[in-house]
There are 4 protein chains.
Amino acid sequence: MMQTNEAKKWQRRKEDRPGEILDAALALFTEKGYTSARIDDVALRAGVSKGTVYLYFESKEALFKAMVRKKVLPQMEKAEQLVAVHKGNSAELLEKIALQWWFALQHTDLSGLPKVVVAEAGNFPDIASFFVENVVIRVRSLFAKIIQQGMDMGEFRKVSPTEAARVFTSAIVFAAIWKHSLAPFDNMPFESEEYLQIHLENFIRGLQA
Amino acid sequence: MMQTNEAKKWQRRKEDRPGEILDAALALFTEKGYTSARIDDVALRAGVSKGTVYLYFESKEALFKAMVRKKVLPQMEKAEQLVAVHKGNSAELLEKIALQWWFALQHTDLSGLPKVVVAEAGNFPDIASFFVENVVIRVRSLFAKIIQQGMDMGEFRKVSPTEAARVFTSAIVFAAIWKHSLAPFDNMPFESEEYLQIHLENFIRGLQA
Amino acid sequence: MMQTNEAKKWQRRKEDRPGEILDAALALFTEKGYTSARIDDVALRAGVSKGTVYLYFESKEALFKAMVRKKVLPQMEKAEQLVAVHKGNSAELLEKIALQWWFALQHTDLSGLPKVVVAEAGNFPDIASFFVENVVIRVRSLFAKIIQQGMDMGEFRKVSPTEAARVFTSAIVFAAIWKHSLAPFDNMPFESEEYLQIHLENFIRGLQA
Amino acid sequence: MMQTNEAKKWQRRKEDRPGEILDAALALFTEKGYTSARIDDVALRAGVSKGTVYLYFESKEALFKAMVRKKVLPQMEKAEQLVAVHKGNSAELLEKIALQWWFALQHTDLSGLPKVVVAEAGNFPDIASFFVENVVIRVRSLFAKIIQQGMDMGEFRKVSPTEAARVFTSAIVFAAIWKHSLAPFDNMPFESEEYLQIHLENFIRGLQA
DNA sequence: TATGAATGAGACTTCATTCAT
DNA sequence: AATGAATGAAGTCTCATTCAT
């Protein structure tokens with residue numbers, strides 16, 4: 001475990017330090033929760049000393065907030081670009097974007113974020129607000145817009161598009177939370193992607209007029 | 001003005017105490033998370049002193065575990081009895097039980113539990129296992145059985161019943177987690193029950209053969 | 001263990017309570033030390049509830065002090081009477097009294113006292129003073145007087161009688177301390193009374209003119 | 001007037017710290033007993049903060065155990081070397097080594113150890129065992145060997161050499177215990193070394209054939 | 001008298017943060 | 001820029017003491 005870090009140390013460029021620390025922070029905060037994750041652990045995982053963390057981040061709280069912002073923003077931009085590009089009917093669009101999100105939330109380090117934010121929302125109101133504004137609402141509008149288009153085209157039946165968007169995303173986000181909480185204790189993992197299949201098919205078929 | 005509280009200081013009410021403390025614990029753990037919730041806070045909310053908490057629970061960890069067990073078990077029994085009683089086709093059954101769960105997870109003190117368990121799974125493996133065994137798997141089989149029946153009757157199309165059950169429940173559980181995390185920061189609360197409506201209709205319509 | 005206490009409860013007269021508590025206190029203080037012995041343990045061993053201890057003793061400190069006084073004083077009176085009664089030359093007298101002390105400090109519940117007093121002297125200066133005045137000095141004078149007589153009679157060589165008394169008693173007291181500290185960990189117990197034999201013979205032969 | 005201390009607050013002296021803390025621990029444990037000595041006191045006496053103690057020792061118990069080991073082992077090695085070097089008949093040898101032990105147990109910081117170990121034996125069985133094995137038995141054999149030689153040479157009368165060794169050492173160890181317990185309350189201190197004189201003369205004369 | 005539930009001061013221990021090197 | 005020894009506030013837990021019953 002240390003070997004891996006040691007090996008990388010050599011080829012690591014100085015400019016990556018803050019990023020590596022944020023990666024370590026996300027991993028640790030995901031695994032242990034904000035309070036139980038120690039700065040020492042983050043430093044160790046990042047391959048630096050405790051003091052170095054404080055060189056780049058004023059405090060544990062600042063580290064946490066920086067981590068959320070850093071992980072969230074680039075991802076959001078990418079996501080919104082996809083919509084503009086995609087073509088096809090609403091059902092196809094919905095499916096394509098859902099797959100992108102599913103992948104990001106299952107197979108990138110981003111997958112730990114929802115659990116962390118949800119768990120610490122009560123203790124970090126400004127992070128919660130930030131997350132709602134910059135992720136929740138934007139993602140919801142994204143999907144709502146697609147659904148609205150589907151309804152406008154007569155493809156979907158009439159429902160509240162934002163509520164429908166919420167239903168649609170909840171199953172995907174829930175899977176990400178699950179992955180970092182009870183999945184290891186459940187003999188029925190999410191790795192088989194039938195879960196997503198069923199969700200997409202039911203949701204879209206159910207929505208179709 | 002402190003008189004009212006002071007007067008009750010030395011009340012002896014052994015019978016109620018453990019339950020009151022567990023209620024306070026659920027509330028605090030839900031709000032702050034396990035580590036950030038202080039025993040002092042729990043005691044204060046329960047209307048007792050710190051020492052009294054330790055009179056009934058060996059440690060903070062024991063309190064947490066007792067709380068989960070206490071909140072989970074009676075609820076599960078109630079839930080399973082409902083299924084036996086209900087009549088009608090699978091779609092109706094699904095809807096009826098979903099409504100029960102929705103109510104329990106939105107309007108009773110149980111609603112905080114999923115967030116707590118999910119947030120602390122990594123730090124309390126045995127609680128995680130306990131929860132998976134006693135809640136997750138049982139609830140999943142419950143719904144899987146209904147879905148299976150629907151498929152057997154030709155009412156539903158063929159899919160993995162357990163995965164479908166997982167999809168079905170995830171939206172409901174997610175709403176409970178949301179309620180105790182980002183909902184207060186979201187101008188679009190779950191209180192309007194259109195969310196559940198859409199989920200039920202889409203899921204069931206989508207599942208119908 | 002409880003059986004024994006329960007059985008006695010019936011035939012126990014109320015007037016014995018304080019005495020039973022003091023006995024329990026001596027046992028617990030000997031075994032655990034003053035600070036580590038809990039009032040709960042003392043109460044349990046005495047077969048009463050914690051509250052009852054406070055009925056008879058104002059505080060833990062008061063209990064400790066009462067215990068020392070109670071155990072010490074009657075014993076001292078007994079000891080001093082023996083000297084007046086005994087007859088014979090100084091060597092014989094020395095031996096006789098030494099045997100009495102040895103017995104008391106090995107086979108009665110008094111044996112735990114020296115260890116307790118020695119261990120807590122720093123924390124209870126007034127108990128330390130009390131013990132020095134009422135036990136140490138009196139015992140020392142007792143033996144010093146006998147030794148002085150021996151010197152006066154030409155039976156013993158000339159040395160400081162008080163220092164000689166101190167040498168004489170130290171081996172006996174040390175055995176009592178040992179019994180309640182390292183003896184259980186030593187494969188060579190004091191039970192064989194050769195230790196005392198050698199001490200008496202060496203000391204007396206060495207003192208003889 | 002606090003300046004002098006304050007100025008040193010952030011000194012880094014890793015090399016010396018553990019030793020200084022162990023010295024402070026011995027002093028405090030001797031004076032107050034294990035339980036009554038607070039880590040704060042030890043830290044204060046060592047000139048560091050509470051946290052620093054935990055930097056070097058995992059717990060109060062670990063500190064205690066480390067202290068005993070640290071103080072005991074070097075002393076034992078020194079002691080055993082002395083025997084090999086000394087020459088003369090058994091009586092002379094006995095006297096010489098006794099003087100060394102007397103000095104060590106009266107005038108070095110080691111003198112507090114016997115009281116501490118004796119007082120805490122019941123609470124620290126492994127320390128008690130360690131002490132018996134590494135000190136008690138080794139010292140006893142040391143003296144037993146010398147006494148045995150004396151008997152072999154016809155210099156001493158026949159007695160159990162280990163029991164005789166125990167008698168011989170008990171007076172010396174007792175003096176060390178006394179020094180840190182009741183001596184301050186006794187108007188007859190051990191500083192005048194007549195106590196040792198009488199013990200040595202009586203014991204040796206009494207043992208001679 | 002006797003009980004034992006309730007209290008809260010106090011001790012151990014952790015860990016975010018500081019700062020000399 | 002980087003380190004890691006040192007700090008001390010804060011939290012868990014214990015237990016002597018109180019008091020309603």
Side-chain angles (χ1 to χ4, degrees), chain A residues 14-15 17 34-44 47-64, chain B residues 6-18 35-43 46-63, chain C residues 14 17 34-44 47-63, chain D residues 6 8-15 17-18 35-43 46-63:
Chain A
K14 273 188 183 177
E15 317 86 60
R17 282 280 156 86
Y34 174 79
T35 320
S36 296
R38 284 171 297 134
I39 293 280
D40 265 315
D41 295 338
V42 173
L44 186 67
V48 299
S49 77
K50 190 170 25 172
T52 302
V53 175
Y54 280 88
L55 222 51
Y56 294 104
F57 304 95
E58 248 196 344
S59 64
K60 191 183 186 183
E61 188 169 336
L63 171 64
F64 181 73
Chain B
E6 294 297 324
K8 297 190 171 186
K9 217 188 225 183
W10 276 94
Q11 259 185 18
R12 287 164 57 115
R13 290 181 304 159
K14 192 185 177 185
E15 329 74 42
D16 309 342
R17 285 287 150 85
T35 318
S36 296
R38 284 170 297 123
I39 292 281
D40 270 317
D41 296 338
V42 173
V48 298
S49 78
K50 197 180 8 172
T52 302
V53 175
Y54 283 93
L55 211 54
Y56 296 102
F57 303 95
E58 259 197 336
S59 63
K60 190 182 185 183
E61 187 169 338
L63 172 63
Chain C
K14 274 188 181 175
R17 282 282 155 85
Y34 174 79
T35 319
S36 296
R38 284 171 298 132
I39 293 280
D40 266 316
D41 296 338
V42 173
L44 186 67
V48 298
S49 78
K50 189 167 31 169
T52 303
V53 174
Y54 281 89
L55 221 52
Y56 294 104
F57 304 96
E58 250 196 342
S59 65
K60 191 183 187 185
E61 188 170 336
L63 172 63
Chain D
E6 295 295 325
K8 296 191 169 185
K9 217 187 224 184
W10 276 92
Q11 259 187 19
R12 288 164 59 115
R13 289 182 303 160
K14 192 184 178 185
E15 331 74 42
R17 285 286 150 86
T35 317
S36 296
R38 284 170 296 124
I39 291 281
D40 269 315
D41 296 338
V42 173
V48 298
S49 78
K50 200 176 8 174
T52 302
V53 174
Y54 283 91
L55 211 55
Y56 296 102
F57 304 96
E58 260 196 336
S59 64
K60 191 183 185 183
E61 187 170 337
L63 172 64

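The chains referred to below are lettered A, B, ... by the order of the sequence lines, with proteins before strands, and numbering in each begins at 1. Treat the numbers as computed from the prediction; the structure is a model and nothing was measured.
D/Ile39 comes within contact range of the sugar-phosphate backbone alone, with a heavy-atom separation under 4.0 Å but no base atom that close. Residue C/Ala37 is classed as a sugar-phosphate contact, given heavy-atom separations below 4.0 Å to backbone atoms only. Among the protein residues, A/Ala62 comes within range of no part of the nucleic acid, since none of its heavy atoms lies under 4.0 Å from any strand.
Between B/Thr52 and E/dA6 there is no side-chain N or O to OP1 or OP2 distance below 4.0 Å. The phosphate of E/dG4 has neither OP1 nor OP2 within less than 4.0 Å of any side-chain N or O from C/Lys50. The phosphate of F/dT12 has neither OP1 nor OP2 within less than 4.0 Å of any side-chain N or O from B/Arg38.
Applying the Watson-Crick and G-U wobble criteria (two distances, each under 3.5 Å), E/dT7 pairs with F/dA16. Using N1 to N3 plus N6-O4 or O6-N4 for Watson-Crick, or N1-O2 and O6-N3 for G-U wobble, each under 3.5 Å, E/dT21 pairs with F/dA2.
Nearest nucleotide to the A/Ser59 side chain, out of F/dA16, F/dA6, E/dT17: E/dT17. For C/Tyr56, taking side-chain heavy atoms from C-beta onward, the closest of the listed nucleotides E/dA6, E/dT1, E/dT18 is E/dT1.
Atom C1' of nucleotide F/dA16 and atom CG of B/Leu55 are separated by 14 Å, given to the nearest angstrom. One interatomic measurement links the two molecules: OH of A/Tyr54 to P of E/dA16, which rounds to 6 Å at whole-angstrom precision. What separates NZ of A/Lys60 from P of F/dA9 is a distance of 19 Å, to the nearest Å. With rounding to whole Å, A/Phe64 atom CZ is found 16 Å from E/dA16 atom C1'. Separating the CD atom of D/Glu61 from the C1' atom of E/dC12 is a distance of 12 Å, rounded to the nearest angstrom. When the P atom of F/dA2 is taken as reference, atom CZ of A/Phe57 falls 12 Å away, rounded to whole Å. The distance from atom CZ of D/Arg17 to atom C1' of F/dG4 is 13 Å, rounded to the nearest whole Å. In this structure, B/Glu58 places its CD atom 10 Å from P of F/dC13, rounding to the nearest Å.
Between C/Asp41 atom CG and C/Lys50 atom NZ the span is 10.5 Å, to the nearest 0.5 Å.
Just one of C/Val53, C/Val42, C/Ile39 meets the side-chain contact (heavy atoms from CB on, under 4.5 Å) condition when paired with C/Lys60; it is C/Ile39.
Comparing D/Val48 and C/Thr35 by the nucleotide of DNA chain F that holds the closest heavy atom to each, the one mapping nearer the 5' end is D/Val48. Between A/Gly51 and A/Tyr34, the residue whose closest nucleotide on DNA chain E is further toward the 5' end is A/Tyr34.
At distances below 3.5 Å, not a single donor-acceptor pair connects side-chain atoms of D/Tyr56 with backbone N or O atoms of D/Leu63.
Closest of all the heavy-atom pairs between A/Ser59 and A/Tyr54 is CA-CE2, 4.0 Å. When all heavy atoms of B/Pro18 and B/Phe57 are compared, the closest pair comes out as O-CZ, 4.0 Å.
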